[in-house]
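This report concerns only the one structure given below.
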Amino acid sequence: MKDNVSNLISAALESMSCDDMLGDAPLPTPQIEHTKDERHGDLASNIAMVLAKAAKKAPRDIAAIIIERLPENTVIERCEIAGPGFINFFLSQSTNLAVIEDALTQGATFGTNNDGGGKPVQVEFVSANPTGPLHVGHGRGAAIGDSLCRLLEASGWQVQREFYYNDAGQQINNLAASVKARLDDKTPDADDWPADGYQGEYIIDVANAFREGATVVAADRTVQASANIRVLDEIKDFAVAWLRREQDEDLKAFGVDFDRYFLESSLYDSDEVEHVVDVLKQHGQTYEKDGALWLRTTEHGDDKDRVMIKREGGYTYFVSDVAYHKNKWDRGFTRVINEQGADHHSTITRVRAGLQGLQSGIPEGWPEYVLHQMVTVMRDGSEVKLSKRAGSYLTLRDLIDWVGQDATRFFLSARAATSQLTFDIDLALSKSNENPVYYIQYAHARICSVMDKAKIEMPNWDVSDGLHNLEQLTEQEELRLALTLSKYSEVVRSATQKLEPHLIANYLKELAADFHSFYNAHKMMDDDRTLATARLALAGASQIVIANGLTLLGVSAPRAM
RNA sequence: GCGCCCAUAGCACAACUGGAUAGUGCACGUGCCUUCUAAGCAUGAGGUUCCAGGUUCGAGUCCUGGUGGGCGCGCCA
């Protein structure tokens, strides 16, 4: 719809340009926007004001000429010049209602596009360390990351979802030591409890299972506990597998599936970490100081150089991160998006610096990052502190069990990632009818209910019957709903380009509000059956758009509530 | 001290990346169920968009400097 009008304006501009009315500047692409106030028409353009300088004419005069030179068409009913020089477009009724047929015929694919052209994109998200259950912050990453993937898929990208496991390094040693301590019947208040040990109750569960010789099936491996409490490596393998299984189950309960789990340890096994260091050395990106090997990250925008190999040997964590991203690049992913918590933002410069130092043709801005700000959890009017080491904290699983998968996913992805998020447990629990997710789902359920009634009262009725009667839709609530429906495709495209899934949530709230207004103002099963079929077609289109939008957020569209 | 993010109605958030009279939900006031789901609708009140400058036809949006909050600044990950 926007494109149609944009093309018409461009044609008018070309005609003006031929008559040398617009100066030498190149013709701009007309900016078209939806109006906030319906008195301003359906669409508006600021093009006349943009051209004012180059054309050396008053914006309103330019606007008049543009309108005069618009090609013949059936899209625009009339135009007005308004304010400082806006051109307001009032579209024909058939143009505004065309979205109904589009939605009904395209169904689940309505709103999708092929901007991605089938190109591959890899999205890494969650990537929690296997040292404890997933908490609410991971949940936010999971909700945003998975919705990003769904958006990219809806825009024609071929998406791979990947989870990176830090199964090497000090935190894993702490985990093994913690389980070992529990096997030795120590408690966190003991004098010889491991420093930086994990104190949570779940460590006891791991220890008990290990002692009983349990078998754990995780995403890519099966580990049988040896029950030999003296062998730390076996405890480590078992504990990692145990916690990975826990995390996988929580993510499944959240509706999030990964295509690939990538293990940090595999980068050491394959010598990829070592190789990265060698290449950086060859390119003169490193130097030795204080017995350690440093990378010149300051040459790529960092505020200080970073150690790669510690004085007492061993790589620092970011070296394996660089190797991991080199691996992604070598797998052919020219586009990679990392969704992670903002508390890790300092790694961005470091990883990119390491990749640039490899001089292997990786673009400077690669990979892309989506950072989400912290989630604070309120319960009983005070903040619940999240600390893995301290033990008691609110897990993602707790949240799903309490408020449900739909509400949890919606809340965690409905806000801009750049904003901090307060998750109020009491509100989510005690007043669940205030949740916007119910408001949206209710609209969907209402439509389904009316559809069922229509089938009973009109035995041969099909939802597409009304497409022949759309001219019956003239009420304000009907037209506004249709207009909102017609914005959906643009919202999907915009949310994908900006990597902001919360725009979908905002849109769905608006759409649901327009539907509820329509529903209350007019009876769909009108005695005039011609009008009824037209309204049912409008409702059917709304049903499809609500369902498609909720799917992008990983939220269900129930047929009844 | 330095870097990144944020600041909009009492509360929680929008505002299509520079457009017209800044919107929505909750809470508050008043109405609407013998009619398709009242988890809904209608209507009213509520604002110096943190402050001070700047850029231009036009600024919640961009620039500079402040103020307040979050996160980071390790040879931890």
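Because the structure is predicted, anything quoted here is derived from the model rather than measured. Order of the sequence lines sets the chain letters (A, B, ...), proteins ahead of strands, with each chain counted from 1.
- As rounded to whole Å, 10 Å separates atom C1' of B:rG25 from atom CZ of A:Phe411.
- As judged by a 4.0 angstrom heavy-atom cut-off over every strand, A:His522 is placed among the base-contacting residues.
- Using a 4.0 Å cut-off on heavy atoms, the residues of residues 317-324 of chain A that approach RNA chain B are A:Tyr317, listed by number.
- Here A:Glu500 lies in heavy-atom contact (under 4.0 Å) with a base.
- Within the 4.0 angstrom heavy-atom criterion, only backbone atoms of the sugar-phosphate kind lie near A:Lys304; the bases stay farther away.
- When the side-chain nitrogen and oxygen atoms of A:Lys310 are compared with OP1 and OP2 of B:rC76, one or more of them lie within a distance under 4.0 Å.
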Sort me out a list of protein N/O and nucleotides 41-45 of chain B N/O pairs below 3.5 Å, or just none if empty.
from	atom 1	to	atom 2	distance (Å)
B:rC41	OP1	A:Tyr439	OH	2.4
B:rC41	O4'	A:Asn520	ND2	2.9
B:rC41	O3'	A:Ser517	OG	3.4
B:rA42	OP1	A:Ser517	OG	2.8

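- No contact: A:Lys509 has no heavy atom under 4.0 Å from any strand.
- Partners of A:Glu274 under the salt bridge (charged side-chain N to carboxylate O under 4.0 Å, His left out) rule, at least two apart in sequence or in another chain, do not exist in this structure.
- Residues passing the side-chain hydrogen bond (donor to acceptor under 3.5 Å, both in side chains) test with A:Asn173 are A:Lys236, sequence neighbours excluded.
- Across all strands shown, A:Ala445 has heavy atoms under 4.0 Å from base atoms, whether or not it also approaches the sugar-phosphate.
- Listed for the A:Glu478 side chain is a donor-acceptor partner under 3.5 Å among the backbone atoms of A:Glu475.
- For A:Tyr488, there are no side-chain hydrogen bond (donor to acceptor under 3.5 Å, both in side chains) partners, not counting sequence neighbours.
- For the P atoms, the distance from B:rG58 to B:rG66 is 27 Å, rounded to whole Å.
- Judged as a side-chain hydrogen bond (donor to acceptor under 3.5 Å, both in side chains), and not counting sequence neighbours, the contacts of A:Ser320 are A:Glu264.
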For this session: With side-chain contact (heavy atoms from CB on, under 4.5 Å) as the test, would you mind laying out the steps for A:Ile81 and A:Phe86 before giving the verdict?
Result: CA-CA 6 Å; A:Ile81 302 169; A:Phe86 289 101; over 6 Å; no
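- A:Arg311 comes within 4.0 angstrom of a nucleotide base, judged by non-hydrogen atoms across all strands.
- When the side-chain hydrogen bond (donor to acceptor under 3.5 Å, both in side chains) test is applied to A:Asn88, no partner is found at least two apart in sequence or on another chain.
- The side chain of A:Glu312 lies closest to B:rC75, out of B:rA77, B:rU37, B:rC75.
- Nucleotides B:rG10 and B:rU35, compared at atom C1', are 39 Å apart to the nearest Å.
- Judged by distance alone, the side chain of A:Arg480 and the main-chain N or O of A:Phe515 form no donor-acceptor pair under 3.5 Å.
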Which pairs, protein N/O on one side and nucleotides 19-21 of chain B N/O on the other, fall under 3.5 Å?
from	atom 1	to	atom 2	distance (Å)
B:rG19	N7	A:Asn46	ND2	3.1
B:rA20	OP2	A:Lys36	NZ	3.0
B:rA20	N6	A:Asn88	OD1	2.6
B:rA20	N1	A:Asn88	OD1	3.2
B:rA20	N1	A:Asn88	ND2	3.2
B:rU21	N3	A:Arg39	NH2	3.1
B:rU21	O4	A:Arg39	NH1	3.3
B:rU21	O4	A:Arg39	NH2	2.8

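- Counting non-hydrogen atoms of neighbouring residues, nucleotides and ligands closer than 6.0 angstrom, the CD atom of A:Glu312 exceeds 12 such neighbours.
- When the ring-ring contact (aromatic ring centres under 6.0 Å, His included) test is applied to A:Phe90, no partner is found at least two apart in sequence or on another chain.
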Under 3.5 Å, which protein N or O atoms sit close to an N or O of nucleotides 3-6 of chain B? Give each pair with its distance.
from	atom 1	to	atom 2	distance (Å)
B:rG3	N2	A:His345	NE2	3.0
B:rC5	O2'	A:Gln373	NE2	3.2
B:rC5	O2'	A:Thr418	O	2.7

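- When the ring-ring contact (aromatic ring centres under 6.0 Å, His included) test is applied to A:Phe89, no partner is found at least two apart in sequence or on another chain.
- Candidate nucleotides B:rA15, B:rG40, B:rA12 were compared by shortest atom distance to the side chain of A:Leu503, and B:rA15 ranks first.
- Here A:Asp452 lies out of heavy-atom contact (under 4.0 Å) with every strand.
- In this structure, B:rU17 is classed as syn because its glycosidic torsion stays within 90° of zero.
- Applying the 90° criterion around 0 to the glycosidic angle, B:rC33 comes out syn.
- An OP1 or OP2 oxygen of B:rU37 is reached within less than 4.0 angstrom by a side-chain nitrogen or oxygen of A:Ser449.
- Where pairing requires Watson-Crick or G-U contacts shorter than 3.5 Å, the helical stems of RNA chain B with at least three consecutive pairs are B:1-7 with B:67-73, B:10-13 with B:23-26, B:28-32 with B:40-44, B:50-54 with B:62-66.
- In this structure, the nucleotide among B:rA77, B:rG70, B:rU37 sitting nearest to the side chain of A:Tyr519 is B:rU37.
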